[in-house]
Amino acid sequence: MVAIIDYGAGNLSSVKKALDYLGAESIITDDKSKIKSASHIILPGVGSFGDAMESMRDRDLVDTVKEVAVSGKPFFGICLGLHLLFEGSEESPGVEGLGLLKGKITQIPKNNGLKVPHIGWNSVTVRKGDGIFKDIEQNSFFYFVHSFYLTESEGDITAATTQYGVEIECAVEQGNLFATQFHPEKSGKAGLKLLKSFLEREEI
């Protein structure tokens with residue numbers, strides 16, 4: 001069973017539809033016991049960093065999310081869900097994130113002639129091809145919607161990058177933790193392949 005964490009700020013239905021298409025049993029839930037008992041956990045996210053953390057705190061989910069994220073079970077953050085794994089974001093100064101990974105979440109520069117937010121398809125350079133990118137061809141395209149991005153991550157966690165005026169660390173992997181800046185559930189065949197690879201991961 002895959003638990004899609006419902007904390008009031010996620011792209012929940014599109015993620016579930018993609019999992020349904022792949023034949024995976026899943027549930028959208030904010031029930032702590034169901035999240036803890038799931039075999040795989042997905043933390044989606046749309047909106048602002050500060051609002052998301054506030055909503056997670058209001059539902060008393062912060063400790064539960066941290067617990068399952070370090071449990072060894074496959075855990076996947078999508079878009080804002082990637083940002084939330086870090087200590088904080090330039091988007092919401094002073095707001096503490098989950099603090100599970102180290103890196104800088106900063107705004108995409110607006111002086112490079114490109115539109116912000118970044119919305120659309122970008123090719124991705126795979127750095128780690130033995131995790132969720134194992135069946136993904138180099139320079140495959142994925143769908144992005146974001147104004148903030150990861151840079152200066154610590155600990156050799158970057159699994160893939162893309163370019164949008166600056167280099168964007170668009171995917172990370174560390175142990176059982178996976179996260180992407182792009183939306184795999186909206187990224188066609190490549191996105192479905194990536195989700196399938198995640199579903200095939202086992203608890204470590």
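All residue numbers in this chain count up from 1 along the given sequence. Note that this is a predicted model, so its numbers are computed, not measured.
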| field | Joint hydrophobic cluster, I168 plus I132, side-chain heavy atoms closer than 4.5 Å | value | no
| said: According to a hydrophobic-cluster definition based on side-chain heavy atoms being under 4.5 Å apart (Ile, Leu, Val, Met, Phe, Trp, Tyr only), do L22 and I28 belong together? | reply: yes
| Sub-3.5 Å donor-acceptor pair from the side chain of S92 to the main-chain atoms of S89, do we have one? | no
| request: Could you go through the side chain to side chain contact (heavy atoms under 4.5 Å, CB included) check for Q181 and H146 one step at a time? | output: CA-CA 8 Å; Q181 182 64 70; H146 65 120; 3.4 Å; yes
| request: Using the ring-ring contact (aromatic ring centres under 6.0 Å, His included) rule, pick out the option among F144, Y149, F141 that qualifies with F182. | output: F144
| query | Looking at residues at least two apart in the chain, or sitting in another chain, which of them share a side-chain hydrogen bond (donor to acceptor under 3.5 Å, both in side chains) with K196? | reply | E200
| query | Can you find a pair of side-chain heavy atoms, one from I108 and one from F148, that are under 4.5 Å apart? | reply | no
| Closest non-hydrogen atom pair, L177 against A69 | CD2-O, 3.5 Å
| field | Partners meeting ring pair (Phe, Tyr, Trp, His ring centres under 6.0 Å) with H183 (sequence neighbours left out) | value | none
| query | Any donor-acceptor pair under 3.5 Å linking the side chain of S55 with the backbone of A52? | reply | no
| Residues which pass ring pair (Phe, Tyr, Trp, His ring centres under 6.0 Å) with H83, listed by chain and number, not counting sequence neighbours | none
| request: For the residue pair V65 and L100, establish whether any side-chain heavy-atom pair is separated by less than 4.5 Å. | output: no
| Minimal non-hydrogen separation, S197 against G131, with atom names | CB-O, 4.4 Å
| request: Please check if the side chain of Q138 supplies one atom and the backbone of V126 the other of a donor-acceptor pair under 3.5 Å. | output: yes
| request: Could you pull out the closest heavy-atom pair between I5 and L12, with the gap in Å? | output: O-CD2, 3.7 Å
| message | If the condition is side chain to side chain contact (heavy atoms under 4.5 Å, CB included), which residues does A160 pass it with, not counting sequence neighbours? | response | V124, F133, C170, A171
| message | How close do D6 and D30 get, counting heavy atoms only, and between which atoms? | response | O-CB, 3.0 Å
| message | Please tell me whether Y143 and W121 form a close aromatic pair, meaning their ring centres lie under 6.0 Å apart. | response | yes
| query | Any chain of hydrophobic side-chain contacts (each under 4.5 Å) joining V145 to L84? | reply | no
| said: Which residues pass the side-chain hydrogen bond (donor to acceptor under 3.5 Å, both in side chains) test with E169, not counting sequence neighbours? | reply: S153, T158
| query | Do the charged groups of E167 and R127 touch, with an N to O distance under 4.0 Å? | reply | yes
| field | Side chain N176, main chain E203, donor-acceptor under 3.5 Å | value | no
| query | To the nearest 0.5 Å, what is the distance between CD1 (I119) and OH (Y164)? | reply | 8.5 Å
| query | Shortest non-hydrogen contact from Q163 to N122? | reply | O-ND2, 2.8 Å
| query | Going through the checks in order, is the side chain to side chain contact (heavy atoms under 4.5 Å, CB included) test met by Q174 and D156? | reply | CA-CA 8 Å; Q174 180 173 276; D156 190 31; over 6 Å; no
| query | For E90, which residues count as a side-chain hydrogen bond (donor to acceptor under 3.5 Å, both in side chains) partner, sequence neighbours excluded? | reply | T106
| query | Are I78 and E185 side-chain neighbours, meaning at least one heavy-atom pair lies under 4.5 Å? | reply | yes
| field | Electrostatic pair D135:K193 at N-O distance under 4.0 angstrom | value | no
| Take atom NZ in K186; do more than 12 heavy atoms of anything else shown fall under 6.0 Å from it? | yes
| Given a cutoff of under 4.5 Å between side-chain heavy atoms of I, L, V, M, F, W and Y, with clusters grown through shared members, what are the other residues clustered with I204? | none
| request: Run through the side-chain heavy atoms of Ile, Leu, Val, Met, Phe, Trp and Tyr, join any pair under 4.5 Å, and report what else lands in M1's cluster. | output: I27
| field | Under the ring pair (Phe, Tyr, Trp, His ring centres under 6.0 Å) test, residues paired with F198 that sit two or more places apart | value | H40, F76
| query | Are Y21 and V2 co-members of a hydrophobic cluster defined by side-chain heavy atoms under 4.5 Å apart? | reply | yes
| said: Is there a continuous path of hydrophobic side-chain contacts, each under 4.5 Å between heavy atoms, that joins M53 to L82? | reply: yes
| field | Sequence-distant partners of K115, salt bridge (Lys or Arg N to Asp or Glu O under 4.0 Å), two or more places apart | value | none
| Are any side-chain N or O atoms of K73 and backbone N or O atoms of K36, one a donor and one an acceptor, separated by less than 3.5 Å? | yes
| query | When you check the gap from the basic side-chain N to the acidic O, do D63 and K32 get nearer than 4.0 Å? | reply | no
| message | As a quick check of understanding, evaluate side chain to side chain contact (heavy atoms under 4.5 Å, CB included) for S26 and D20, giving each step before the final call. | response | CA-CA 8 Å; S26 65; D20 289 347; 4.0 Å; yes
| request: Would you check if the side chain of Y7 reaches a backbone N or O of P44 as a donor-acceptor pair within less than 3.5 Å? | output: yes
| query | Backbone N or O of D51 within a donor-acceptor pair of the S48 side chain at under 3.5 Å? | reply | yes
| request: May I ask you to test the I42-L19 pair for a side-chain heavy-atom distance under 4.5 Å? | output: yes
| field | Polar contact flag, side-chain donor to acceptor under 3.5 angstrom, D31-S33 | value | yes
| With sequence neighbours excluded, what pairs up with S123 under the side-chain hydrogen bond (donor to acceptor under 3.5 Å, both in side chains) test? | none
| said: For L43 and L98: C-alpha separation, side-chain torsions, deciding distance, then whether side chain to side chain contact (heavy atoms under 4.5 Å, CB included) applies. | reply: CA-CA 12 Å; L43 179 68; L98 296 171; 4.2 Å; yes
| field | Interatomic spacing from CG in L194 to NZ in K134 - rounded to 0.5 Å | value | 11.0 Å
| request: Would you please name every residue forming a salt bridge (Lys or Arg N to Asp or Glu O under 4.0 Å) with K102, sequence neighbours left out? | output: E87
| field | Shortest non-hydrogen contact from P74 toward R201 | value | CG-O, 3.4 Å
| Point-to-point distance, once rounded to the nearest 0.5 Å, from CD of E25 to CG of L199 | 12.0 Å
